[in-house]
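Here's the structure, in structure tokens; my notes come after.
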Amino acid sequence: MIKKQIIFVLAIVFLLSSTAVVLYSSMTKPIVLIIHSYDTEYAWSRDITVGLQRVLKKHPNYSVKWYYMDLKNHNEPAFKRKTGILARQAVDRWQPKVLILIDDDASELVGKYYVNNPKVNIVFAGLNGDYAPYGYDKAVNVTGILEHKQFHAMKEIIETIEKSSKLNSNTGKGQGTKAPVKIMYIADPSKSLAIDKKYIDAYNWSPFKYLGSYVADNYEQWKKYVLEAGKNADYILIANYRTLKRTNQAGLQELVHPNEVVKWTDENSKVPVLGLNLFNVEDGCMLSVGVSPFEQGEVAANMAVDIIDNHKSPRDIPIRLNTQFVVAMRKGMLTARGITLPEVYEVFARSTDNYKN
Amino acid sequence: MENSLLQIKEKTAISWKEITGWSLSNIAPVLTYLFTQQAGLSRESSIFAAIVSVTLVMWITEILPDFVPGIFSTLMLILFNLAPNEVVLSGFASEGFFLAVSVLGLGSVIVTSGLSYRYSLMMLKIMPSNTFWYSISLFFTGLIFTPLVPVISGRAAIVAPVLNEIVTHCYDGSELDEKTKARSKTFLFTSSLCGITLLSASFLSSTPLNLIIYGMLPLQEQQSFQFLKWSYASLVVSGTLLVSFFIFINLYFRTFHKLNVNKDFIDEELQKMGGLSAAEWIALSGIVILACGLFAGGVTKINVTWVAFAIMFSLLLVGVLKATDFKTKIDWSFLFLLGSMIGLVNTMNYLKIDLIVVKHLGWLANYMQSDFRLFIVLMSAAMFVLRIFIPMNAAVLIFAATLLPLAKVGGISTWLTGFLILLLAETAVFPFQAPYLSNFRNATRAVVNQQEGNVSVMNFLMFFVKVAAIYLSIPFWTKIGVL
């Protein structure tokens with residue numbers, strides 16, 4: 001009988017000590033909550049995740065949680081309100097040590113509610129414009145990396161194409177053309193592109209002539225702008241088109257698949273269509289020069305590590321601007337348009353796994 | 001469970017339902033494969049559709065226990081190499097699976113320890129002896145065990161003896177005429193029945209189907225809608241159902257009178273049981289720790305699934321949940337169904353078949369998004385009609401496999417869609433629609449002899465109350481970000 005009681009007491013001691021160890025380990029484990037504005041299938045978000053994981057995988061002592069707001073597929077105000085509430089509930093539920101917010105929507109719907117909250121450290125990534133609208137300029141608990149499009153790199157590429165076409169005289173512009181090269185930017189009505197618009201419009205495109213930006217409210221308008229661009233511009237620049245809608249046979253609004261938009265655009269445009277995002281090529285575009293999503297992810301994750309492991313305050317970590325860009329290309333489509341680029345571009349695209357035949 | 005293949009062979013008379021079921025099981029996959037091939041689907045998608053068609057036929061015609069077609073589908077998906085094994089078998093490694101194992105383990109201890117029986121006796125002892133209070137007591141007995149005992153038949157096994165006890169002893173020497181007695185007994189029967197079932201959809205752990213739907217939700221929604229949030233989000237529906245139920249049942253039966261309760265018998269039983277046994281204390285502690293785990297999740301940072309799993313481990317460690325009980329009291333057949341269902345849905349997503357569903361039923365997704373109120377009417381009507389012909393499990397699984405991908409595309413909460421499916425599917429106007437309650441009916445029929453017609457009328461009324469409750473919840477869901 002006594003033996004039985006001893007065994008029971010030992011079992012209870014074992015149970016209680018295991019519980020204490022587990023609770024201690026769990027309660028002291030720092031939580032990193034990553035809130036993406038978009039969804040897992042979106043190439044931009046996916047590649048930022050790759051960058052984040054490159055760093056966070058080296059820190060198995062962190063508990064990493066993910067939340068996807070899916071705002072590329074649903075940009076209606078009602079959905080925005082709803083997903084914002086749910087994302088903030090996730091923050092309150094997990095009470096993370098570091099909250100990583102990817103892209104503008106996450107900062108608008110989540111980040112600005114936690115500005116100067118002493119319990120949460122915020123690291124943003126993928127902010128297209130300024131961080132002041134979210135109150136980050138006056139915050140002591142916020143740092144991050146901005147995402148400003150690589151217009152200079154795009155200008156260089158267009159210059160290279162132009163030089164190459166003058167040498168080859170087969171892009172349709174001919175050697176005798178003296179008129180400046182004209183560029184037109186067509187965008188969908190998404191928030192991130194509305195922010196980008198300010199920057200692309202203000203950028204000094206000289207010696208090229210910038211014809212302005214055209215925001216298509218729907219797929220029909222997008223088509224109209226693409227067809228009109230053929231009459232005036234020499235190049236069309238695009239960045240995103242995921243929020244374009246059309247009316248289906250039942251008379252209801254539906255999103256148009258990005259591959260369909262890019263395919264139609266390329267087939268019907270009389271001039272080359274170039275992308276300002278890396279994933280444009282994945283969607284079917286011939287060439288793109290984009291901000292590196294991997295850099296965005298890696299930098300944000302490293303900032304989180306600095307806060308957790310090196311006990312730095314976010315205000316001591318300066319907000320950074322992106323420095324890396326990546327080139328992606330579809331060789332077959334470029335050749336079909338008669339565009340030849342120096343081999344270094346192809347090597348670069350191949351080395352970053354962004355080359356397609 | 002009793003209609004296994006061997007027993008079917010042994011039966012002297014084979015029903016037409018079985019002949020139809022087996023015939024369709026042979027024909028359906030061939031026709032589905034040919035049809036989907038003609039429609040331009042890939043070979044893998046066609047094979048998947050063929051496997052699903054057999055599984056559905058088996059579920060709808062009930063020629064085999066529910067979990068057997070589930071095992072069939074898992075086996076076929078693996079043998080045809082339609083997806084990597086880790087995708088097909090993902091259900092068996094999911095959080096939903098472990099949550100179900102744990103809840104079933106704790107549920108069985110609550111019953112076997114005697115805790116539930118003690119509660120029933122105490123309730124009878126305390127309550128005033130009249131039909132009004134006893135109907136409330138019976139209803140709340142079922143309701144209290146709804147989140148704790150995750151199987152309807154398990155709750156029925158708790159409530160049935162209490163109902164029998166009341167009916168056996170309370171009508172002795174009563175001067176009521178036979179008609180009033182019969183109506184009064186049916187009143188108590190209906191209260192008991194609704195106590196067991198009415199709020200099944202409102203608690204994550206109240207039925208295996210809830211756990212299946214939970215397992216089918218995207219991971220993000222699973223994390224958002226665990227025990228507390230699930231019940232919180234269904235609060236307005238639950239409140240409306242409760243209030244309406246008491247109004248309707250009292251207005252409909254209008255049978256209020258005193259009952260002669262044998263309190264001596266209750267005292268004797270309680271005396272026999274003595275004080276709380278060690279097993280009861282441990283079962284009670286399990287409930288308290290689970291509740292603490294729910295409320296303190298933000299501090300402990302431990303997902304409630306693993307709190308429940310730890311409780312089950314502790315029950316095994318201290319020997320309250322014995323190894324034999326672990327084998328026999330946990331419904332492993334349901335767990336196989338759960339694992340195979342989640343695997344089936346994940347394979348569907350892996351093969352991108354959810355996109356095909358979305359492509360062909362995109363108009364429905366648009367309705368969900370643009371006119372949710374109309375969608376509720378359509379869904380309620382479809383479910384009501386379908387449930388006349390199709391068992392609850394099959395109806396829930398068909399609706400879930402179709403509507404959950406659409407909800408995702410339409411930007412509607414998948415939890416809300418799953419909840420509506422569960423709420424509406426749990427509608428059994430006629431007894432044949434609820435075979436899971438047959439043990440309750442069988443256990444009480446000889447004593448209660450309820451008027452099934454009146455029970456059906458109440459169930460019919462409650463279906464419309466459910467639809468009304470959904471409408472009433474819309475502002476609440478909008479406020480908390482569910483809609």
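- Within 6.0 Å of the NZ atom in A:Lys245, the count of heavy atoms belonging to other residues, nucleotides or ligands exceeds 12.
- How far CZ of B:Phe313 is from OG1 of A:Thr19: 8.5 Å, rounded to the nearest 0.5 Å.
- Contact of A:Ala11 with chain B is made through backbone and side chain together, with heavy-atom distances under 4.5 Å.
- Across all their heavy atoms, B:Ile480 and A:Ile85 have their closest contact at O-CG2, 3.5 Å.
- Residue contact with chain B, scored on non-hydrogen atoms closer than 4.5 Å, involves the backbone and the side chain of A:Tyr67 alike.
- A salt bridge does not link A:Glu41 to B:Lys408: none of the charged side-chain nitrogens sits closer than 4.0 Å to a carboxylate oxygen.
- Annotation for A:Asp353: atom CG does not count as buried by contact number, only 12 or fewer foreign heavy atoms lying within 6.0 Å.
- For A:Arg93, the parts sitting under 4.5 Å from any heavy atom of chain B are the backbone and the side chain alike.
- In this structure, A:His74 contributes its side chain and B:Ile412 its backbone to no donor-acceptor pair below 3.5 Å.
- For a residue to count as touching a neighbouring chain, one of its non-hydrogen atoms must lie under 4.5 Å from one of that chain's; by this rule A:Tyr24 does not touch chain B.
- Using a 4.5 Å cut-off between heavy atoms, B:Leu219 does not touch chain A at all.
- Atoms CG and CD, from A:Asp70 and B:Gln220 in turn, are 8.5 Å apart once rounded to the nearest 0.5 Å.
- At a threshold of 4.5 Å between non-hydrogen side-chain atoms, the residues A:Val22 and B:Ile302 count as touching.
- Between A:Leu23 and B:Thr300 the shortest side-chain heavy-atom distance falls below 4.5 Å.
- With a 4.5 Å cut-off on side-chain heavy atoms, B:Val318 and A:Ile12 count as touching.
- Residue B:Ser413 touches chain A through its backbone alone, counting heavy-atom pairs closer than 4.5 Å.
- Of the N and O atoms on the side chains of B:Lys301 and A:Gln95, not one donor lies less than 3.5 Å from an acceptor on the other residue.
- At least one side-chain heavy atom of B:Val299 sits less than 4.5 Å from a side-chain heavy atom of A:Met27.
- Looking only at side-chain heavy atoms (C-beta outward), B:Thr478 and A:Arg81 come within less than 4.5 Å of each other.
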